[in-house]
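Shown next, in structure tokens, is the structure this report addresses.
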Amino acid sequence: MANVGLQFLASAGDADPQSRPLLLLGQLPHLHRVPWSHVRGKLQPRVTEEAGLQAQAAASTRPARAHRASSKDLPPSRPRGSAHSSPLPVAPGWAPRRGFPAFEVKQPPNCLVSRTARPHKGAWCPHTLSYAGCLVRLAGQRHAGVTGGTAAGPDLAVSLPPPPPPLWQAALSTLNPNPTDSCPLYLNCATVAALPSRVSRHNSPSAAHFVTRLVRTCLPPGTHRCILMVCERADAFASACALARAFPLFTHRSGASRRSEKKTVTVEFFLVGQDNGPVEVSTLQCLTNATEGVRLAARIVDTPCNEMNTDTFLEEIKKVGKDLGIAPTIIRDEELKTRGFGGIYGVGKAALHPPALAVLSHTPDGATQTIAWVGKGIVYDTGGLSIKGKTTMPGMKRDCGGAAAILGAFRAAVKQGFKDNLHAVFCLAENSVGPNATRPDDIHLLYSGKTVEINNTDAEGRLVLADGVSYACKDLGADIILDMATLTGAQGIATGKYHAAVLTNSAEWEAACVKSGRKCGDLVHPLVYCPELHFSEFTSAVADMKNSVADRDNSPSSCAGLFIASHIGFDWPGVWVHLDIAAPVHAGERATGFGVALLLALFGRASEDPLLNLVSPLGCEEDPQEGDTERDSKRRRLV
């Protein structure tokens, strides 16, 4: 599904599913609330003029064998004998037009609504001609390709009644999601898919992960396709970002380069529930910017290091800056060493492409506070001289997932009208092996002024982030510092494949991260924050600290985050949040763009966009006993 254009429209319009395949997706109770009148134009096949003329020509070749229908020819409602030897019941009032012979319809090899490619023997498809558009017998012609529906022009031979609503209900009645289910229609030209109707408290109510799975497996093939997403307004943001994950941009398959046609997927939202009005233009624009951010992050993570090196990543940053009218600040190579960024320089100095610190700054008028997002951008991690093995090194192109997510989120946040000062700090390096590589036992002086003894060159992410958060604190004057990184393999053990790990000095922000994850689909779960018990793991006899723990069984993901926090100080009065996204940054061999939706939702109250306000941590919660001023103060604490 690479190289597919994704567009969000208030109405995708009507189209024959044979020319524009369709996927209808939502929770089963929500799907039952979609009226047939809304989906009829998207689901109902049409008789084309060309097909009608072909049928007329086929009939005229053998007029003597035409079977003229009469009332005596109509079978009972439940035909006896073989379905292949009885004519199809004809709707009341239906008759052939323009002297065209009446015809006998035999059951096609695929019935109207089937869970398998072939129906049971003797099964009937009572509206085959109107619905399925498959095989008919016209005047003795064995198989004529007439598509069912209403006559499209004066030369057509037949006029069929409109499909009745039971088609839609019949499709829904076959669904039994456990946790998901799908039902193909019209020889797989359309599919109705059901999401889980209920989820656990640690999952997103939107069932975002299942949205991505169903789109990947159930969306019919085609050049121009349509997805009708049925959900509540509060789940629209998470659902859109989940849809975007199903359409990665990066591919180097030779077949993809030979295709000249541009594929598109049009997405329409049908909102149910209390706030079920039409989707506003501003909402569609927000969804577009958010999904573009998700796909941008996924493309960067999917791109291998022979293309996405530090130079190329800087070009991506400059491209986003140009799009937003922002000139990036870039410090790289020997200047890093001169200015004291010993962490970034020490990690990347052995690589062909030099390390860099890049900053994009958005400083609008009227800003009341300063927020810094710091991303780990290790474009490839060999482990350095503490080199990884042959099974653990593949996939290390994804070690820039934190910086990629921050770039995608920064672009979307600024486009949606971020009201506070926002700085995106990118710590870029390639952890390579060479004559200049950092050795175990080396001691580096970091930007915080603290010294670090290297006891594991494969614990490099915390070194570059330590410089990044120190810069955000000392030079940018940030009130809130959030760092995002694919930091530890232990994160996948601690919180699993789907939930990122959050470590923060603020209980309020810990709860906000978890709530944001449920609202946007980028799930988050807390780690233990206890520096007085854990930071002693980094004790060094010759420096302020080591860079790797002494006991790997003592909450290593928490310890890795505490190493970063120590370079701004555990007594720092601001808010510090660390997000470890090592496992959810990819699903199988594809990047997910994880983190973009999370950042947009977490800082939604700092945006002018109503949809981002809706999915922000505090949402629209109010305490009726509190005054307006106190309520506003409580909301602003998150942003």
Side-chain angles (χ1 to χ4, degrees), residues 305 309-318 321 326-361 370 372-382 384-385 399-400 402-403 406-407 423-455 457 459-478 481 483 485 540 542-547 563-569 572:
C305 185
N309 50 55
T310 55
D311 294 337
T312 313
F313 206 121
L314 285 173
E315 291 302 317
E316 295 285 349
I317 294 171
K318 292 176 182 176
I326 299 173
T329 300
I330 298 175
I331 307 169
R332 67 178 323 194
D333 205 6
E334 293 297 323
E335 187 181 357
L336 288 168
K337 181 180 180 181
T338 304
R339 296 184 58 173
F341 293 93
I344 300 175
Y345 179 78
V347 170
K349 64 181 180 178
L352 176 63
H353 301 277
L357 177 77
V359 184
L360 288 172
S361 298
T370 300
W373 296 343
V374 183
K376 172 188 173 184
I378 302 297
V379 293
Y380 200 81
D381 182 17
T382 65
L385 293 181
D399 218 13
C400 61
I406 284 176
L407 182 62
H423 303 280
V425 183
F426 306 94
C427 307
L428 307 178
E430 179 184 348
N431 190 18
S432 189
V433 176
N436 296 327
T438 291
R439 297 165 290 271
D441 294 338
D442 285 357
I443 296 178
H444 293 319
L445 176 64
L446 272 58
Y447 195 69
S448 63
K450 296 181 179 181
T451 57
V452 178
E453 178 187 1
I454 306 301
N455 63 335
T457 64
E460 83 297 333
R462 63 199 69 181
L463 295 171
V464 302
L465 288 175
D467 278 351
V469 298
S470 298
Y471 180 83
C473 179
K474 293 165 62 175
D475 293 51
L476 302 178
I481 298 176
D483 70 78
S540 169
V542 293
D544 294 328
M545 67 191 77
K546 292 183 179 181
N547 75 317
F563 178 94
I564 300 168
S566 69
H567 290 268
I568 55 176
W572 183 59

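Computed from a predicted model, the values in this text were never measured in an experiment.
Minimum heavy-atom separation, Gly348 to Pro355: O-CD, 3.5 Å. Across all non-hydrogen atoms, the minimal contact from His353 to Asn309 is NE2-ND2, 3.3 Å. When all heavy atoms of Ile326 and Ser361 are compared, the closest pair comes out as CG2-O, 3.5 Å. In this structure, Gly384 and Asn431 approach most closely via the heavy-atom pair N-ND2, 3.5 Å. Across all their heavy atoms, Ile406 and Ala424 have their closest contact at CG2-CB, 3.8 Å.
To the nearest 0.5 Å, atom CE of residue Met545 and atom OG1 of residue Thr451 are 7.5 Å apart. A distance of 12.5 Å separates NZ of Lys349 from CG of Leu336, quoted to the nearest 0.5 Å.
The shortest distance between side-chain heavy atoms of Glu453 and Asp441 falls below 4.5 Å. In this structure the side chain of Asp483 never reaches within 4.5 angstrom of the side chain of Lys376, judged on heavy atoms. Contact check for Arg332 versus Thr310: side-chain heavy atoms found under the 4.5 Å cut-off. Looking only at side-chain heavy atoms (C-beta outward), Val359 and Pro328 stay at 4.5 Å or farther from each other.
Residues meeting the salt bridge (charged side-chain N to carboxylate O under 4.0 Å, His left out) test with Asp475, sequence neighbours left out: none. Partners of Ala358 according to the side-chain contact (heavy atoms from CB on, under 4.5 Å) rule, which considers only residues two or more places apart in sequence or in another chain, are Leu314, Ile317, Ile330, Phe426. Listed by chain and number, the residues in a ring-ring contact (aromatic ring centres under 6.0 Å, His included) with Phe313 amount to none (sequence neighbours excluded). Shown here are the side-chain hydrogen bond (donor to acceptor under 3.5 Å, both in side chains) partners of Thr457, two or more places apart in sequence or in another chain: Ser386. Remark: His423 engages no residue in a ring-ring contact (aromatic ring centres under 6.0 Å, His included) (not counting sequence neighbours).
Within the 3.5 Å criterion, the main-chain N or O of Lys546 finds no donor-acceptor partner in the side chain of Ser540. Between the Asp544 side chain and the Val452 main chain, no donor and acceptor come within less than 3.5 Å of each other.
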Using residues 462-474 as the side-chain source, report each donor-acceptor pair under 3.5 Å to any protein atom, sequence neighbours left out, with the distance given to one decimal.
| from | atom 1 | to | atom 2 | distance (Å) |
| --- | --- | --- | --- | --- |
| Arg462 | NH1 | Asn547 | O | 2.9 |
| Asp467 | OD1 | Tyr447 | N | 2.8 |
| Asp467 | OD2 | Gly342 | N | 3.4 |
| Asp467 | OD2 | Gly343 | N | 2.8 |
| Asp467 | OD2 | Ile344 | N | 3.0 |
| Ser470 | OG | Ala466 | O | 2.8 |
| Ser470 | OG | His567 | O | 3.2 |
| Lys474 | NZ | Tyr447 | O | 2.7 |

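Counting non-hydrogen atoms of neighbouring residues, nucleotides and ligands closer than 6.0 angstrom, the NZ atom of Lys337 reaches no more than 12 such neighbours.
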